[in-house]
K.L.:
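There's a structure below that I have some questions on.
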There are 2 protein chains.
Amino acid sequence: MTSRPRPNAGSKGVPRAVREAEILESACRAFGEHGYAAVSMTDVAHDAGISKPLVYSYFGSKEGLFEACLRHAGDLIADDIDRTAASGHVGLERALVTLEGIFKTLEERRWIWRLFFDATRPATPALDAIVERYTARLTERGAEGTAEMLARGGNRDPLDADALAAVWASVFDALVVWWLNHPEVTAEEMTARSVRLLSAVTADPSPAPSAG
Amino acid sequence: MTSRPRPNAGSKGVPRAVREAEILESACRAFGEHGYAAVSMTDVAHDAGISKPLVYSYFGSKEGLFEACLRHAGDLIADDIDRTAASGHVGLERALVTLEGIFKTLEERRWIWRLFFDATRPATPALDAIVERYTARLTERGAEGTAEMLARGGNRDPLDADALAAVWASVFDALVVWWLNHPEVTAEEMTARSVRLLSAVTADPSPAPSAG
DNA sequence: TTGATATGACTCTCGGGTAAATTACCACGC
DNA sequence: GCGTGGTAATTTACCCGAGAGTCATATCAA
C-alpha cells in the first residue's frame with residue numbers, strides 16, 4: 001500500500017494559539033446556531049478549513065470542545081453581568097441596565113447566548129458544573145430583584161420566590177432570543193424596546209383578577 | 001442455522017388498537033422526559049414490553065412515532081386552550097384561566113408539555129408543520145392579550161407587540177416548566193401561585209425607570 | 001390452514017475517536 | 001550557502017459502537 005500524496009499536510013504551519021482561536025470561533029458559532037447534537041466534529045473541522053484529527057489534537061473530544069466554547073462565552077457574559085451589577089442601580093432600572101449590557105456584549109456574537117441553554121448537550125457533571133457556575137451569577141442577580149418585588153407586596157412564600165425568579169430568567173431569555181431572531185435590530189434599539197415593554201407590564205392598570 | 005425457539009412470539013394476541021395505545025403512552029412519556037434524541041426505538045419497545053420490529057409495524061419510523069405523540073399531546077392541549085379561550089374572560093383573568101386549564105389537563109401527564117419544545121427532534125417539514133399548528137393556537141391567544149395591554153398604553157409598534165407576545169409565551173412556559181420540576185405541587189396550588197405572581201408583577205409600585 | 005401478532009438476528013449508516021504516515025519549518029554544523 | 005535531523009503541524013484511512021430500519025421465521029387463535 002504505497003501512500004498517496006497528501007496535499008497540504010503540514011504546509012500551513014499555523015501557531016497553536018491562532019489555530020486554537022480559529023477552531024473555537026467556528027465551534028462557538030456552529031454549536032450556538034445549530035445546537036450540540038446537530039453539529040459533528042467533521043462539520044467544525046470543515047468550517048475551520050482543517051481536518052478532524054486536528055480538532056481532536058487541540059480539544060481532545062467533542063465534549064472538550066464544547067466545554068471550551070462554554071468557558072469562552074461564559075467569561076464574556078458573566079463579566080458583563082458582574083460589571084452592570086456593580087453599577088448601583090436597583091429594581092426595574094437594574095434589570096434594564098443588565099439587559100442593555102448583555103445586548104451590547106452580544107451584538108457581534110449573538111449566537112453564544114444559546115450555548116448555555118442547549119438541551120442537546122450531554123449532561124455530564126463537568127458541563128453541568130460549568131453551565132451552573134456561569135448561569136448562577138445571572139439568576140442570582142435576578143432572584144434578588146424578584147424577591148424584593150414580592151417582599152414589597154407582603155409575600156414571603158419561598159416557593160413563590162423561586163418560581164418568580166424562574167419566570168424572570170425566562171423573560172430575560174425570551175428578550176434575548178427574540179433579539180437573536182431579529183438581526184436587523186441593534187442593541188440600542190433592543191434596550192429601548194425592553195424599557196417600553198417592562199414599563200408597560202408593570203404599569204398596566206388592566207382588569208385585575210377578582211377573587212374567586 | 002437451525003432457528004432457535006422464540007419465547008412468546010405471537011402468543012400475546014393483543015388487539016391493534018390496544019397495543020398502539022400502549023406504545024403511544026410509553027413513547028410520549030419517554031420523549032417528553034428525556035427528549036427525542038436521547039430515546040431509542042429499542043428503549044420504547046422495551047418500556048412497552050415488546051420488541052422493536054413491532055413498534056415499527058405500528059408507527060413506521062421513529063419520526064412517525066414522534067409525530068403520533070405530538071398529535072396526541074397537541075389535541076389534549078389545544079382543545080383545552082380553545083375551551084378556556086371561549087369562556088369569555090379578558091385580560092389577566094383570561095391568562096390565569098388558561099393557566100388553570102393547562103395545569104388541570106397536564107396534571108396526570110405533565111411530561112407531554114415538553115414534546116412541543118423538544119430541540120432534539122429532527123426539523124422536518126412534517127414535524128415543523130404539526131408543532132406550528134398546535135403552538136399557533138396558544139401563542140395567538142396570548143398575542144391578543146399582550147397587544148391589548150400595549151394598546152392601553154398607547155403603544156402601536158408592531159415589533160413591540162411581537163416581542164411582548166414572545167415574552168408572554170415564555171412566561172407561560174416558565175410557569176409550566178417550574179411546575180413540572182415540582183411534582184409535589186398540585187394543579188390547584190399552581191394556579192393560586194400563578195395568580196399571586198402575576199398580580200404582584202402587574203401591581204408592582206416599584207421604582208420605575210426614570211428617563212435617561 | 002390461515003392470518004394476525006410477534007420476534008431474533010441481521011444490515012447499513014453516521015459520527016466520535018485513533019494510528020500512522022506525511023509535509024514543512026527550523027536550528028545546526030560545515 | 002547547504003545538507004541534515006528533530007519537531008510541530010497536518011493529513012489520510014481506518015476502527016468501532018450505537019442506533020435506525022428490515023427480513024425471515026415462529027407462535028397462537030379461530
Side-chain angles (χ1 to χ4, degrees), chain A residues 1-24 26-27 30-31 34-69 120-122 124 126-127, chain B residues 1-23 26-27 30-31 34-69 120-124 126-127:
Chain A
M1 319 319 190
T2 44
S3 45
R4 288 179 296 177
R6 296 184 188 179
N8 297 333
S11 65
K12 310 292 180 58
V14 177
R16 285 196 80 77
V18 175
R19 232 329 105 77
E20 186 174 321
E22 288 175 2
I23 299 172
L24 199 58
S26 290
F31 284 142
H34 310 298
Y36 182 92
V39 173
S40 74
M41 292 298 265
T42 306
D43 289 339
V44 173
H46 186 78
D47 189 72
I50 57 177
S51 67
K52 191 170 61 159
L54 195 54
V55 180
Y56 276 91
S57 92
Y58 276 86
F59 294 96
S61 66
K62 187 179 184 183
E63 191 183 323
L65 176 58
F66 189 73
E67 183 178 326
C69 289
T120 75
R121 73 171 168 84
T124 66
L127 294 185
Chain B
M1 329 303 189
T2 43
S3 43
R4 288 180 294 178
R6 296 182 189 178
N8 297 333
S11 64
K12 312 290 180 58
V14 176
R16 287 197 80 77
V18 175
R19 240 316 117 72
E20 186 174 321
E22 288 176 3
I23 298 173
S26 289
F31 284 142
H34 310 298
Y36 182 93
V39 173
S40 75
M41 291 298 266
T42 306
D43 291 339
V44 174
H46 186 79
D47 189 72
I50 56 177
S51 67
K52 190 168 60 155
L54 196 53
V55 180
Y56 277 90
S57 90
Y58 276 87
F59 295 96
S61 67
K62 187 178 183 183
E63 191 184 322
L65 177 58
F66 189 72
E67 184 177 325
C69 290
T120 75
R121 72 170 166 84
T124 64
L127 294 184

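Chain letters run A, B, ... following the sequence lines, proteins first and then strands; every chain starts at 1.
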K.L.:
Where the side chain of B/Val14 is defined as all heavy atoms beyond and including C-beta, which of D/dT10, C/dA6, C/dG17 is the nearest nucleotide?
P.N.:
C/dA6

K.L.:
When the nearest nucleotide of DNA chain C is assigned to A/Ser40 and to B/Leu54 on a heavy-atom basis, which residue is associated with the more 5' position?
P.N.:
B/Leu54

K.L.:
Tell me whether the OP1 or OP2 atom of D/dA8 has a side-chain N or O from A/Arg16 closer than 4.0 Å.
P.N.:
no

K.L.:
Just to be sure I understand the rule, does A/Ser51 reach a base, reach only the sugar-phosphate, or reach nothing, if contact means heavy atoms closer than 4.0 Å?
P.N.:
base

K.L.:
Go through C/dG8, C/dA6, C/dG17 for me and flag the one nearest to the A/Lys52 side chain.
P.N.:
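Between C/dG8, C/dA6, C/dG17, the one nearest the side chain of A/Lys52 would be C/dG17.
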
K.L.:
Determine, step by step, whether B/Phe59 and B/Glu20 satisfy the side-chain contact (heavy atoms from CB on, under 4.5 Å) criterion, reporting the C-alpha distance in whole Å, the side-chain angles of both residues, the deciding distance to 0.1 Å, and the verdict.
P.N.:
CA-CA 9 Å; B/Phe59 295 96; B/Glu20 186 174 321; 3.6 Å; yes

K.L.:
Would you call the rings of A/Phe31 and A/Tyr36 parallel, tilted or perpendicular, where under 30° means parallel and over 60° means perpendicular?
P.N.:
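Rings of A/Phe31 and A/Tyr36: parallel, under 30°.
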
K.L.:
How close or far is atom P of D/dG19 from atom CG of B/Asp43, stated in whole angstroms?
P.N.:
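Going from CG in B/Asp43 over to P in D/dG19 covers 7 Å.
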
K.L.:
For A/Tyr56 and C/dG15, what is the distance between atoms OH and P respectively, to the nearest whole Å?
P.N.:
12 Å

K.L.:
Please tell me if B/Arg19 has a side-chain N or O lying less than 4.0 Å from either OP1 or OP2 of C/dA4.
P.N.:
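Result: no.
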
K.L.:
Any idea which heavy atoms bring A/Gly35 and A/Thr120 closest together, and the distance?
P.N.:
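Heavy atoms of A/Gly35 and A/Thr120 come nearest at C-OG1, 3.8 Å.
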
K.L.:
May I ask you to test the B/Val18-B/Pro15 pair for a side-chain heavy-atom distance under 4.5 Å?
P.N.:
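Side-chain contact under 4.5 Å: yes.
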
K.L.:
Give one of base, sugar-phosphate or nothing for A/Val18, where a contact means two heavy atoms less than 4.0 Å apart.
P.N.:
nothing

K.L.:
Rounded to whole angstrom units, what separation is found between the CD1 atom of A/Ile23 and the C1' atom of D/dA9?
P.N.:
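Taking atom C1' of D/dA9 as the reference, CD1 of A/Ile23 is at 11 Å.
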
K.L.:
Is there a side-chain contact between A/Ile50 and A/Glu22 in this structure, where contact means two heavy atoms from C-beta onward sitting under 4.5 Å apart?
P.N.:
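A/Ile50 vs A/Glu22: side chains apart.
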
K.L.:
Rounded to whole angstrom units, what separation is found between the CD atom of B/Glu20 and the C1' atom of C/dA4?
P.N.:
15 Å

K.L.:
Grab the OH-P distance between B/Tyr36 and D/dG19 for me, whole Å please.
P.N.:
13 Å

K.L.:
If you only use heavy atoms from C-beta on, which nucleotide in D/dT10, D/dT12, C/dG17 is closest to the side chain of A/Tyr58?
P.N.:
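So the side chain of A/Tyr58 is nearest to D/dT10.
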
K.L.:
Of the listed nucleotides (C/dG16, C/dA19, C/dG8), which one gets closest to any side-chain atom of A/Met41?
P.N.:
C/dG16

K.L.:
How far apart are the closest heavy atoms of A/Cys69 and A/Ala27, and which atoms are they?
P.N.:
SG-CB, 3.6 Å

K.L.:
For the side chain of B/Asp47 and the backbone of B/Val44, is there at least one donor-acceptor N/O pair under 3.5 Å apart?
P.N.:
no

K.L.:
Could you check which residues of residues 59-68 of chain B get a heavy atom under 4.0 Å from DNA chain C? Sort them by number, please.
P.N.:
none

K.L.:
Under the side-chain contact (heavy atoms from CB on, under 4.5 Å) rule, what do A/Leu65 and A/Tyr58 come out as? Steps first, then yes or no, please.
P.N.:
CA-CA 8 Å; A/Leu65 176 58; A/Tyr58 276 86; over 6 Å; no

K.L.:
Got a minute to check which stems DNA chain D is part of, using Watson-Crick or G-U wobble pairs under 3.5 Å, three or more consecutive?
P.N.:
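Stem list for DNA chain D: C:1-30 with D:1-30.
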
K.L.:
Less than 4.5 Å apart, side chain to side chain, heavy atoms only: is that true for B/Phe66 and B/Lys62?
P.N.:
no

